[in-house]
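Residue indices begin at 1 and follow the sequence shown.
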Amino acid sequence: MNVEEVISEAAKIVTPDLEEKTKVINIANEVIRLVADGLLKRNYRDFAVTIQGSVAKDTWLPDDRDIDIFIILPKGYLNKIKDGSIVNDLMSIAIENNINWSIKYAQHPYIQLLINDFEIDVVPCIRISPGEKPLTAADRTPLHTEFVNSRLGQRKADVRLLKAFFKSVGIY
């Protein structure tokens with residue numbers, strides 16, 4: 001077996017199958033719908049609820065059950081992020097939909113939903129333009145996803161192989 005064949009076989013191992021991809025996308029879209037509907041009922045306006053992270057880039061590994069959902073808000077919502085009131089609204093949405101949840105913290109609080117065997121991080125951020133200074137650390141994420149997706153092309157298997165290697169040696 002030559003190197004290209006080994007890499008091809010390894011790429012198959014680190015790529016989720018269609019069934020898993022479908023499950024991940026379906027649960028992500030369901031959470032997007034629930035969050036968007038819940039925020040609209042609470043009079044949030046001019047926001048977007050999007051998939052980010054490795055799911056958005058299609059670079060996650062099989063059985064890696066974390067999904068990142070970002071709520072991209074206008075600058076006028078910065079205080080609701082910093083004081084945690086948006087997290088209170090997200091907790092209410094989770095409770096209304098009988099979803100287990102926990103509060104997590106980075107630079108500001110966010111919520112993690114537990115649905116079946118999925119951990120879904122729901123993170124509020126502020127909408128910024130390329131080159132604009134972020135107001136919170138999370139604000140860069142949608143721009144990062146867009147940047148990576150615009151350049152990744154057919155290299156997704158390479159990213160997955162590198163991630164799997166890093167995980168296997170304990171540095172990811």
Side-chain angles (χ1 to χ4, degrees), residues 13-45 47-73 77-127 134-146 148-149 156 159-160 162-172:
I13 294 168
V14 299
T15 302
D17 62 23
L18 182 59
E19 181 181 346
E20 182 173 2
K21 284 184 177 187
T22 301
K23 282 182 187 178
V24 167
I25 296 303
N26 285 346
I27 196 78
N29 285 333
E30 179 65 14
V31 169
I32 287 170
R33 186 189 63 73
L34 291 173
V35 168
D37 289 350
L39 292 176
L40 284 170
K41 287 178 189 172
R42 289 163 177 79
N43 296 314
Y44 283 74
R45 297 291 178 254
F47 65 90
V49 183
T50 65
I51 301 170
Q52 298 294 324
S54 62
V55 172
K57 296 177 206 106
D58 192 22
T59 58
W60 85 91
L61 298 175
D63 298 321
D64 187 354
R65 298 297 196 170
D66 64 331
I67 299 170
D68 300 317
I69 304 293
F70 274 57
I71 305 163
I72 307 169
L73 297 156
Y77 286 92
L78 181 60
N79 286 338
K80 283 180 118 11
I81 291 174
K82 288 190 172 188
D83 70 12
S85 59
I86 188 170
V87 170
N88 291 334
D89 290 332
L90 293 171
M91 289 185 303
S92 295
I93 292 167
I95 291 167
E96 287 170 7
N97 290 283
N98 297 313
I99 298 172
N100 292 326
W101 57 272
S102 60
I103 296 177
K104 302 290 183 175
Y105 295 90
Q107 183 182 19
H108 58 73
Y110 63 95
I111 192 168
Q112 184 175 76
L113 304 177
L114 305 169
I115 303 174
N116 302 325
D117 55 349
F118 292 94
E119 292 179 348
I120 301 114
D121 292 341
V122 181
V123 182
C125 71
I126 297 298
R127 181 182 302 117
L135 301 171
T136 78
D139 302 344
R140 297 176 291 227
T141 299
L143 295 175
H144 176 260
T145 300
E146 185 179 317
V148 170
N149 280 339
K156 294 172 185 177
V159 172
R160 285 188 170 108
L162 189 59
K163 279 184 175 183
F165 172 74
F166 284 163
K167 282 189 173 202
S168 75
V169 295
I171 59 172
Y172 186 82

Without swapping roles, check the side chain of N97 against the backbone of I99 for a donor-acceptor pair under 3.5 Å. no
How far apart are the C-alpha atoms of I51 and I69, what are their side-chain angles, what is the distance that settles it, and do they pass the side chain to side chain contact (heavy atoms under 4.5 Å, CB included) test? CA-CA 5 Å; I51 301 170; I69 304 293; 4.0 Å; yes
Quick check: do K104 and V123 have side-chain heavy atoms less than 4.5 Å from each other? no
D139 side chain to L135 backbone, donor-acceptor under 3.5 Å: yes
Listing, residues 163-172 side-chain donor-acceptor contacts under 3.5 Å, not counting sequence neighbours, or none:
unit_1	atom_1	unit_2	atom_2	d
K163	NZ	T59	O	3.1
S168	OG	F165	O	2.7

From CD (Q112) to CD1 (I103), nearest 0.5 Å: 11.5 Å
Please determine whether side chain to side chain contact (heavy atoms under 4.5 Å, CB included) holds for the pair I72 and T50, giving the CA-CA distance in whole Å, both sets of side-chain angles, and the decisive distance to 0.1 Å. CA-CA 8 Å; I72 307 169; T50 65; 3.7 Å; yes
Over 12 non-hydrogen atoms of neighbours within 6.0 angstrom of NZ in K80: yes
Minimal heavy-atom distance between F70 and A138, with the atoms involved, is CE2-O, 3.6 Å
Heavy atoms from other residues, nucleotides or ligands near CD of E146 exceed 12 (cutoff 6.0 Å): no
For the pair D58 and R160, find out whether any cationic side-chain nitrogen is under 4.0 Å from an anionic carboxylate oxygen. yes
From CA spacing to verdict: side-chain hydrogen bond (donor to acceptor under 3.5 Å, both in side chains), Q107, T136: CA-CA 7 Å; Q107 183 182 19; T136 78; 4.6 Å; no
Residue of the set L113, V24, D66, V31 for which side chain to side chain contact (heavy atoms under 4.5 Å, CB included) holds with F118: V24
Between CG on residue N149 and NE2 on residue H144, distance to nearest 0.5 Å: 9.5 Å
Should the pair E20-K23 be classified as a salt bridge under the 4.0 Å nitrogen-to-oxygen rule? no
Distance-minimising heavy-atom pair for I81 and P109: O-CD, 4.2 Å
Could you check whether any side-chain heavy atom of I86 comes within less than 4.5 Å of a side-chain heavy atom of L73, counting everything from C-beta outward? yes
Hey, mind stepping through L39 and I93 against side chain to side chain contact (heavy atoms under 4.5 Å, CB included) and telling me if it holds? CA-CA 8 Å; L39 292 176; I93 292 167; 4.1 Å; yes
Separation of L90 CG from L34 CG (nearest 0.5 Å): 11.5 Å
What are the two closest non-hydrogen atoms of A48 and R127, and how far apart are they? N-NH2, 4.3 Å
To the closest 0.5 Å, what do you measure between CG (N100) and CD1 (I95)? 10.5 Å
With rounding to the nearest 0.5 Å, note down the distance linking CG in N98 to CD1 in I115. 11.0 Å
Minimum heavy-atom separation for K21 and P16, please, with both atom names. CE-O, 3.6 Å
Could you pull out the closest heavy-atom pair between T141 and Q52, with the gap in Å? O-OE1, 3.5 Å
If I take atom SG from residue C125 and atom CD1 from residue I71, how far apart are they, to the nearest 0.5 angstrom? 8.5 Å
Suppose we call two aromatic rings close when their centres sit under 6.0 Å apart. Are F47 and Y77 close by that rule? no
Heavy-atom closest contact (A28 atom, I67 atom, distance): CB-CG2, 3.9 Å
